[in-house]
Amino acid sequence: MCPRREPTLIKKLWAASLAAAVLAAVIPLSAFAEETPKNGTPPSAAELAPNARSAVLLDADTGTVIYEKNSHDKLPPASITKIMTMLLTMEALHDGKLKLTDKVRTSEYAASMGGSQIFLEPGEEMTVDDMLKGIAMASGNDASVAMAEKLGGNEQGFVQLMNEKAAELGMKDTHFSNPNGLPVNNHYTSAYDIALMSRELLRYPQITKYTGAYQDYLRKDSEKPFWLVNTNKLVRFYPGADGLKTGYTSEAKFCLSATAKREGLRTIAVVLGEPNTKTRNSEVSAMFDYAFSQYMMKSIYKPGDYLGKVKVEKGTMPELVLTADQPYSVLMKKGGKADEFRKELQIPAEIKAPVKAGDVIGKLVIYQGNTKVKEFEVKSPIQIEKAGWWKLFKRTTSNLFS
C-alpha cells in the first residue's frame with residue numbers, strides 16, 4: 001500500500017500561502033504599476049492606436065502634432081474623401097457662390113452610385129442644406145456626386161478642384177480621383193493630409209451642425225421620409241465630439257477623422273486601416289483622452305489685442321497700428337510653466353503705401369526657451385491709401401514746426 005501524502009501536501013500549500021502573504025506585505029504596490037495603472041491614468045503616446053495602419057493626433061487651432069504613426073503613408077481613404085467635398089461646398093457658401101437654399105439636381109450618374117447612399121432618384125432636387133446632411137451623416141455617395149456636379153459642372157471638373165485645393169493646403173501625399181471615396185485607381189491620401197483638410201474644414205464652424213448631429217430626417221414631409229443616423233457614433237457617445245467623417249471599404253478597412261472640443265482645446269484624431277468599428281472608436285477615444293488629459297491651450301493674444309505699430313511711407317495715415325486678427329495661442333503640456341514662452345514681433349521699421357486690409361506685414365514668432373514653437377502671420381487690419389502731395393506737404397511742414 002502506498003503511503004498517504006495528504007498531510008505533507010497540505011503543509012506545503014499552507015507554507016506557500018504564508019510566503020505569498022509575507023511577500024505581498026513587503027513588496028510595494030508601485031512595483032505592479034505598469035500592469036495595474038491607477039484609475040484615470042492615460043496611456044503614453046507610444047501606446048495610442050496600436051491597431052491602426054496609420055494615425056495622427058493634432059491640435060486643430062495651431063496644427064501642432066501630438067502623436068503620429070506612419071502619418072505620411074499613402075493609403076486609400078474611403079469615405080473620408082468626403083471631407084474635401086464638404087470643404088469645397090462650405091468654401092462656396094462662404095464666398096457667396098452657393099446658398100443653403102439652392103436646389104441641387106440629381107443626374108442619372110449621381111443616382112447610380114452604390115454603397116452608402118440616401119437613395120436619390122434621377123431628376124430629384126434637394127437643397128444644399130439637405131445634401132450636406134446626406135453627405136456628413138449618412139455618407140451618401142450619391143449626394144456627394146450630385147454636389148460635385150453642382151460645383152464643378154461634372155465629376156471630373158470637381159475632382160480637379162479637389163486636387164487644386166489639396167495642393168493649396170500642402171497635402172503632398174494626396175491625389176483624388178472621385179468625390180466620394182469609392183474604390184478607384186490613383187485615389188489616395190495620408191493620415192497627416194486628412195488632418196490638414198479636416199482642420200481647414202473646421203474653419204467653417206457651421207459644419208459641425210451637420211457632422212455633429214446624431215440623427216435627422218430627409219424628405220421629412222414627403223411620402224418617403226428618410227431617417228438619417230450619423231455613421232460616426234462618437235458624436236453621441238464621446239463628450240465634446242462633433243465630427244467629422246467615417247470611412248470603410250474592403251481595401252481601406254475602417255477609417256475615421258474625428259474631432260472633439262473640451263475646455264478651449266479642439267483636437268483632430270485620424271486613424272486609417274483599423275480592423276473594425278469597435279477598435280476604431282476605442283482607439284480614437286483613447287487619443288482624445290490622452291490629448292485632453294495631457295495638454296491645454298496657452299493664450300498669447302486675444303482678437304483685437306495691440307501688437308505693435310509700423311510707420312507708413314507716403315500714406316494717408318503716418319503709421320499703422322497692428323492688432324491680433326485671431327486668437328494667438330500655443331499648445332502646452334499641463335503643469336508646464338507659462339512663463340517659458342516668449343514672443344517676438346518681426347515687422348519692418350517702415351512700409352510703403354498703399355496698404356490693403358489683410359496684407360501680410362510681418363510675423364509673430366513664439367519661442368519656448370530657444371525653440372520656435374509657433375509662427376503667426378501679422379496682417380494689416382485696415383486699408384491705407386497713398387497720400388496726395390498736398391497732404392504730404394502739410395505733414396512735412398507740421399513736422400518741421402513741431
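Numbering of residues begins at 1 and proceeds along the displayed sequence.
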Any Lys/Arg nitrogen of [X] or [Y] sitting under 4.0 Å from an Asp/Glu carboxylate oxygen of the other?
{"X": "K74", "Y": "D173", "answer": "no"}
{"X": "E375", "Y": "K363", "answer": "yes"}
{"X": "E124", "Y": "R105", "answer": "no"}

pair [X]-[Y]: side-chain heavy atoms closer than 4.5 Å:
{"X": "L218", "Y": "K133", "result": "yes"}
{"X": "M296", "Y": "E263", "result": "no"}
{"X": "E340", "Y": "Y367", "result": "no"}
{"X": "N180", "Y": "T85", "result": "no"}
{"X": "M126", "Y": "L120", "result": "yes"}
{"X": "K253", "Y": "P275", "result": "no"}
{"X": "V270", "Y": "L256", "result": "no"}
{"X": "F254", "Y": "T279", "result": "no"}

Any side-chain donor-acceptor pair under 3.5 Å between [X] and [Y]?
{"X": "Y192", "Y": "E68", "result": "no"}
{"X": "N232", "Y": "Y214", "result": "no"}
{"X": "E164", "Y": "Q160", "result": "yes"}
{"X": "S107", "Y": "E149", "result": "yes"}
{"X": "N178", "Y": "E155", "result": "no"}
{"X": "N185", "Y": "Y188", "result": "no"}
{"X": "N141", "Y": "S144", "result": "no"}

So, does [X] use its side chain to make a donor-acceptor pair with the main chain of [Y] at under 3.5 Å?
{"X": "K69", "Y": "P50", "value": "yes"}
{"X": "D305", "Y": "K302", "value": "yes"}
{"X": "N70", "Y": "D73", "value": "no"}
{"X": "D95", "Y": "K97", "value": "no"}
{"X": "D102", "Y": "K99", "value": "yes"}
{"X": "R266", "Y": "T259", "value": "no"}
{"X": "K150", "Y": "K103", "value": "yes"}
{"X": "R280", "Y": "C255", "value": "yes"}
{"X": "T211", "Y": "D242", "value": "yes"}
{"X": "Y67", "Y": "L48", "value": "yes"}

Which value, rounded to the nearest 0.5 Å, describes the distance between [X] atom [atom1] and [Y] atom [atom2]?
{"X": "K352", "Y": "K314", "atom1": "NZ", "atom2": "NZ", "answer": "7.5 Å"}
{"X": "M90", "Y": "I207", "atom1": "CE", "atom2": "CD1", "answer": "4.5 Å"}
{"X": "Y217", "Y": "W227", "atom1": "OH", "atom2": "CH2", "answer": "6.5 Å"}
{"X": "F376", "Y": "D325", "atom1": "CZ", "atom2": "CG", "answer": "10.5 Å"}
{"X": "I66", "Y": "I268", "atom1": "CD1", "atom2": "CD1", "answer": "10.0 Å"}
{"X": "M131", "Y": "T89", "atom1": "CE", "atom2": "OG1", "answer": "10.5 Å"}

K245 and its side chain to side chain donor-acceptor pair (under 3.5 Å) partner, picked from S257, S139, S198: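 Going through S257, S139, S198 one by one, the side chain to side chain donor-acceptor pair (under 3.5 Å) with K245 is satisfied by S139 alone.
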Derivation and outcome, side chain to side chain contact (heavy atoms under 4.5 Å, CB included), residues M297 and L331: CA-CA 5 Å; M297 296 303 297; L331 189 71; 3.8 Å; yes
Candidate pair T106 and E121, rule side chain to side chain contact (heavy atoms under 4.5 Å, CB included), full reasoning: CA-CA 7 Å; T106 305; E121 297 285 345; over 6 Å; no
Smallest separation among heavy atoms of [X] and [Y], with atom names:
{"X": "A353", "Y": "G315", "value": "CB-CA, 3.5 Å"}
{"X": "L345", "Y": "G308", "value": "CD2-CA, 4.0 Å"}
{"X": "S54", "Y": "L75", "value": "CB-CD1, 3.6 Å"}
{"X": "M287", "Y": "A269", "value": "CE-CB, 4.0 Å"}

Does [X] have more than 12 heavy atoms from other residues, nucleotides or ligands lying within 6.0 Å of its [atom1]?
{"X": "K220", "atom1": "NZ", "answer": "no"}
{"X": "K224", "atom1": "NZ", "answer": "no"}
{"X": "H72", "atom1": "NE2", "answer": "yes"}
{"X": "K165", "atom1": "NZ", "answer": "yes"}

Test of ring centre spacing under 6.0 Å for Y238 and F288: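 Ring centroids of Y238 and F288 are less than 6.0 Å from each other.
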Cation-pi check, K343 onto Y301 ring (under 6.0 Å, within 45° of axis):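 Because its charged atom sits under 6.0 Å from the ring centre and within 45° of the axis, K343 does stack over Y301.
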Trace of the salt bridge (Lys or Arg N to Asp or Glu O under 4.0 Å) decision for K356 with D359: CA-CA 5 Å; K356 296 178 181 177; D359 279 355; over 6 Å; no
Evaluation steps, side chain to side chain contact (heavy atoms under 4.5 Å, CB included), between M197 and I80: CA-CA 10 Å; M197 68 175 175; I80 288 183; 4.3 Å; yes
D59 and Y295: CA distance, side-chain angles, deciding distance, side chain to side chain contact (heavy atoms under 4.5 Å, CB included) verdict: CA-CA 9 Å; D59 152 47; Y295 291 90; over 6 Å; no
